Structure formats: C-alpha cells, structure tokens
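Report on the structure given below.
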Amino acid sequence: NQLANSTERLSSGYKINHARENPAGLAISYKMNAQIRGLKRASQNAANGISVIEAAEGALTEIQAMVQRMNELAVQAATGTIVSTDRNAIQKEIDQLCEEIERIAKDTEFNTQSLLDGEQELKGYTDVPEVKVQKYSKEIKADDYQLAFTVTNNEITAVDLTSGDFDKYNATAEFDGNKITIKGDDGIEIQLDVDTANIAAGTTNVTLDITGIGGMEFQVGANEGQTINVIIPEISLKNMGIENIDCSTQESALEAIDMVDVALVFISQTRSSLGAYQNRLDHTISSLDITGENMTAAYSRLMDVDMADEMVEYTKLQVLTQAGTSMLAQANERPQSALQLLQ
C-alpha cells in the first residue's frame with residue numbers, strides 16, 4: 001500500500017491526492033487554486049480593458065485631427081482676403097467634418113458596446129421630464145439632491161440650490177439659456193439641460209437622482225468588489241461646444257476660432273483621462289501577475305510533491321517489496337525441500 005501511494009504521488013506530482021491524506025491542507029489548497037485562477041482571469045480582464053481604452057483613444061485621435069482641421073478652416077475664413085463664396089465652401093467642409101465626428105462617436109464600439117456616445121458615462125436622472133442630467137463629476141456622492149429654477153421667456157433666470165447636501169459642498173449655480181452648471185468644493189460639478197421651450201414659465205422644483213452608476217466596470221481581482229470603473233464622457237458636438245459652429249461670415253469665423261479652442265481642450269482632457277486609466281490598468285496587471293506568482297509558489301509548497309524525497313521513499317519501498325517477495329519465495333520452497341526428502 002505504501003508503495004502504491006508513493007507511485008501515485010510520483011505520477012500525479014501532488015503530495016495530497018485524497019482528502020484522507022491531509023483534510024485541512026486539501027481544503028486550503030482548493031481555495032488557493034480558485035484564487036490563482038481568478039487572478040489569471042482578472043489579469044486578462046485588465047488587458048481587455050486596455051484594449052477598450054485604446055479603441056476609444058484611437059477614435060478620439062481622429063476626432064481631434066478633424067477639430068484641428070476645423071481650426072485651420074476657421075482661421076482661413078476669418079481673414080478679410082476671401083469672399084463669401086469661399087466661406088461658403090469652407091462651411092460645407094466644416095459641416096461634413098461635424099457629421100463625421102458625430103458618426104465616429106456613435107459607431108465606435110468594443111464587443112458591440114458603444115464607447116463614445118455617453119453609454120460609458122455616469123448616469124443621473126430627474127423627476128421632471130424636461131430636465132436632463134447631462135453629466136456630473138465622479139466626486140459627488142450618490143444621493144438625491146433638490147433644486148429649483150425659474151424660467152422666463154424660455155430662458156432660465158434664477159436657480160436656487162435648496163438641498164442641504166449642496167450646502168455641504170459650498171455649491172453655487174451658473175445658468176445660461178437652457179443650461180445649469182452646479183459647482184462646488186472637491187471638484188463637484190453637475191451639468192443640466194432644461195427644455196425651456198416645453199416647460200411652464202415660473203419656478204420648477206427638481207429632484208436629482210445622482211446614481212454614481214455608469215461607465216464600464218472591469219473586474220480586476222479574484223474577489224467581489226475588486227473592480228475599476230472607467231468613465232468615458234459623451235463625445236458630441238454639443239459637449240465640445242461646436243454644435244452651432246459657423247464660418248459663413250468673417251465675424252462668425254472669429255467666434256468659431258474660440259469655439260474650436262474649447263473643443264480641443266475638451267478632447268485633450270478626455271484623452272488625458274483615458275491615458276491615466278490605461279496607466280492604472282498596466283500597474284494593475286503587474287500587481288495581479290506578481291500576486292499570482294507568489295500565491296502559486298505557496299500553493300506549490302502545499303500541494304506539489306518533493307520529487308527527490310519521494311524518489312528516495314519510493315526506492316526504499318521498492319527494495320523492501322522486492323526483498324519481501326524474495327524471502328516469501330524462499331519460504332515457499334522449504335515445504336518442497338521437505339517433500340523431496342520423503343520421496
């Protein structure tokens with residue numbers, strides 16, 4: 001039996017092949033093995049996350065190139081040496097560039113998931129259909145917030161932050177036309193769009209549901225809750241501030257130059273944010289791989305057989321078995337010898 005057990009350990013490479021041999025060690029080893037396999041999968045998840053970011057940044061690189069081209073066209077249209085027909089031609093190219101920016105933002109996907117159309121942005125809702133949460137910063141705590149605003153002649157004329165939570169952030173509100181921007185300490189910012197054309201004039205009370213949910217969540221650990229949330233803002237002409245860019249006149253072309261500058265800052269900040277996520281995931285992969293190596297070494301010490309020691313044991317048992325078999329054979333020959341004497 002001992003020889004059979006030794007042979008099993010040598011053939012399997014494990015010192016624990018049955019629960020009876022080391023019940024506690026077997027339980028620990030299977031838990032460790034689950035962790036090791038989970039870490040390997042998490043490392044692959046993080047690598048896929050880098051691929052997502054690279055896909056998004058590749059699209060943004062092309063969008064940024066088109067915005068740069070729009071800047072050249074705006075500068076060209078702003079000079080007094082060209083006539084209106086030239087500016088009309090410039091505007092046609094700008095219109096085509098705007099359409100292509102919107103198309104790229106809509107069609108950029110990874111594994112059928114849209115990346116740049118706002119699907120990977122933090123989600124927020126209101127109890128008033130005419131008020132939409134455009135975006136908010138990740139620093140704000142998930143909760144319900146209250147505010148009130150006044151509309152006069154289809155424009156916002158006053159905003160009151162009635163929630164005590166807004167007071168905690170020392171928040172203030174800015175408004176322009178149909179937009180409300182709330183800013184506070186620690187990078188707190190919320191942007192709201194109000195459909196002022198379809199909302200009743202006067203004061204409207206609004207409850208904001210800041211969910212803190214959204215973005216693409218990567219599982220980068222073997223256990224629950226070990227995740228990294230990557231937030232990609234919506235890439236649109238509206239968010240970039242070039243929704244109504246116009247170079248048909250010299251005056252509007254001068255305004256377009258400023259609009260394009262704002263758009264370039266927006267794209268650059270978005271790309272910078274994606275680069276930071278990618279660097280973080282690179283470090284995450286390195287950490288996961290090192291942890292996996294160390295845990296594999298611990299698992300090996302617990303489960304893997306020491307081949308040198310086991311070969312010594314196997315050889316000893318084999319010699320004992322052979323010796324015992326030889327002695328048994330000699331013992332079996334003695335009755336035969338006695339029978340020969342009686343013949």
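Numbers here are sequence positions counted from 1. Computed from a prediction, not measured in an experiment: that's the story for all the values here.
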* To do: Considering only NZ, NE, NH1 and NH2 on the basic side and carboxylate oxygens on the acidic side, decide whether Glu174 and Lys179 come within less than 4.0 Å.
  =>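 No, no charged N to carboxylate O under 4.0 Å.
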Within the distance-only criterion (no hydrogens, no angle test), does the side chain of [X] pair as donor or acceptor with the backbone N or O of [Y] below 3.5 angstrom?
| X | Y | answer |
| --- | --- | --- |
| Gln278 | Ile53 | no |
| Asp186 | Ile188 | no |
| Ser300 | Thr296 | no |
| Gln35 | Arg37 | no |
| Ser272 | Ser268 | no |
| Ser137 | Gly187 | yes |
| Asp246 | Ser248 | yes |
| Gln226 | Asn223 | yes |
| Arg87 | Cys247 | no |
| Tyr136 | Ile182 | no |

Taking side chain as C-beta onward, heavy atoms only, is [X] less than 4.5 Å from [Y]?
| X | Y | result |
| --- | --- | --- |
| Leu97 | Leu73 | yes |
| Ile156 | Ile180 | yes |
| Met240 | Ile267 | yes |
| Cys98 | Met70 | yes |
| Val265 | Val262 | no |
| Val133 | Leu192 | yes |
| Gln120 | Ile231 | no |

Minimum heavy-atom separation for [X] to [Y], with atom names?
| X | Y | result |
| --- | --- | --- |
| Ile82 | Gln76 | CD1-O, 3.3 Å |
| Ala46 | Val220 | CB-CG1, 4.1 Å |
| Leu161 | Ala171 | CD1-O, 3.6 Å |
| Ala298 | Met32 | CB-CE, 3.5 Å |
| Tyr277 | Val230 | CD1-CG1, 3.7 Å |
| Leu116 | Ala59 | CD1-CB, 3.7 Å |

* Asked: Would a line drawn from the ring center of Tyr145 to the ring center of Phe166 be shorter than 6.0 Å?
  ->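 Yes.
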Shared hydrophobic cluster, [X] / [Y] (ILVMFWY, side-chain heavy atoms < 4.5 Å):
| X | Y | answer |
| --- | --- | --- |
| Tyr299 | Leu39 | yes |
| Tyr30 | Ile28 | yes |
| Leu60 | Phe110 | yes |
| Phe266 | Ile242 | yes |
| Phe175 | Ile190 | yes |

* Mind running side-chain hydrogen bond (donor to acceptor under 3.5 Å, both in side chains) on Ser252 and Thr249 for me, showing each step along the way? => CA-CA 5 Å; Ser252 63; Thr249 66; 2.8 Å; yes
Looking at [X], I want to see if its [atom1] is surrounded by more than 12 non-hydrogen atoms of other residues, nucleotides or ligands under 6.0 Å.
| X | atom1 | answer |
| --- | --- | --- |
| Glu217 | CD | yes |
| Asp185 | CG | yes |
| Arg41 | CZ | yes |
| Gln322 | CD | yes |

Would you give the length of the straight line joining atom [atom1] of [X] to atom [atom2] of [Y], rounded to the nearest 0.5 angstrom?
| X | Y | atom1 | atom2 | answer |
| --- | --- | --- | --- | --- |
| Ser114 | Met216 | OG | CE | 9.0 Å |
| Ile232 | Asp117 | CD1 | CG | 10.0 Å |
| Asn170 | Lys183 | CG | NZ | 15.0 Å |
| Glu109 | Glu119 | CD | CD | 10.5 Å |
| Glu255 | Asn244 | CD | CG | 11.0 Å |
| Ile104 | Leu115 | CD1 | CG | 13.0 Å |

Check: [X]/[Y] side-chain N/O donor and acceptor closer than 3.5 Å:
| X | Y | result |
| --- | --- | --- |
| Ser236 | Glu102 | no |
| Asp95 | Gln91 | yes |
| Thr284 | Ser287 | no |

* Residue pair Asp282, Asn279: steps toward the side-chain contact (heavy atoms from CB on, under 4.5 Å) verdict -> CA-CA 5 Å; Asp282 282 332; Asn279 287 339; 4.3 Å; yes
* Going through the checks in order, is the side-chain contact (heavy atoms from CB on, under 4.5 Å) test met by Thr325 and Thr321? -> CA-CA 6 Å; Thr325 302; Thr321 302; 4.3 Å; yes
* Pair Val67-Ile101, side-chain contact (heavy atoms from CB on, under 4.5 Å): steps then yes or no -> CA-CA 9 Å; Val67 175; Ile101 288 173; 4.0 Å; yes
* **Evaluation steps, side-chain hydrogen bond (donor to acceptor under 3.5 Å, both in side chains), between Gln64 and Glu62** => CA-CA 5 Å; Gln64 191 170 42; Glu62 195 58 37; over 6 Å; no
* Could you name each residue pair satisfying side-chain hydrogen bond (donor to acceptor under 3.5 Å, both in side chains) that touches residues 121-134, not counting sequence neighbours? => Gln134-Asn239
* Asked: Checking side-chain contact (heavy atoms from CB on, under 4.5 Å) for the pair Lys141/Tyr169: CA distance, chi angles, key distance, verdict?
  -> CA-CA 10 Å; Lys141 178 183 176 183; Tyr169 294 122; 3.3 Å; yes
* Looking at residues at least two apart in the chain, or sitting in another chain, which of them share a side-chain hydrogen bond (donor to acceptor under 3.5 Å, both in side chains) with Arg103? -> Glu100, Asp107
Can you list, pair by pair, the side-chain donor-acceptor contacts under 3.5 Å of residues 195-206, counting residues two or more places apart and other chains?
| from | atom 1 | to | atom 2 | distance (Å) |
| --- | --- | --- | --- | --- |
| Asp195 | OD1 | Asn198 | ND2 | 3.4 |
| Asp195 | OD2 | Asn198 | ND2 | 2.7 |
| Thr196 | OG1 | Asn154 | O | 2.9 |
| Thr203 | OG1 | Thr150 | OG1 | 3.1 |

* Step by step, work out the salt bridge (charged side-chain N to carboxylate O under 4.0 Å, His left out) result for Arg271 and Glu57. => CA-CA 6 Å; Arg271 289 187 64 190; Glu57 192 188 359; 3.2 Å; yes
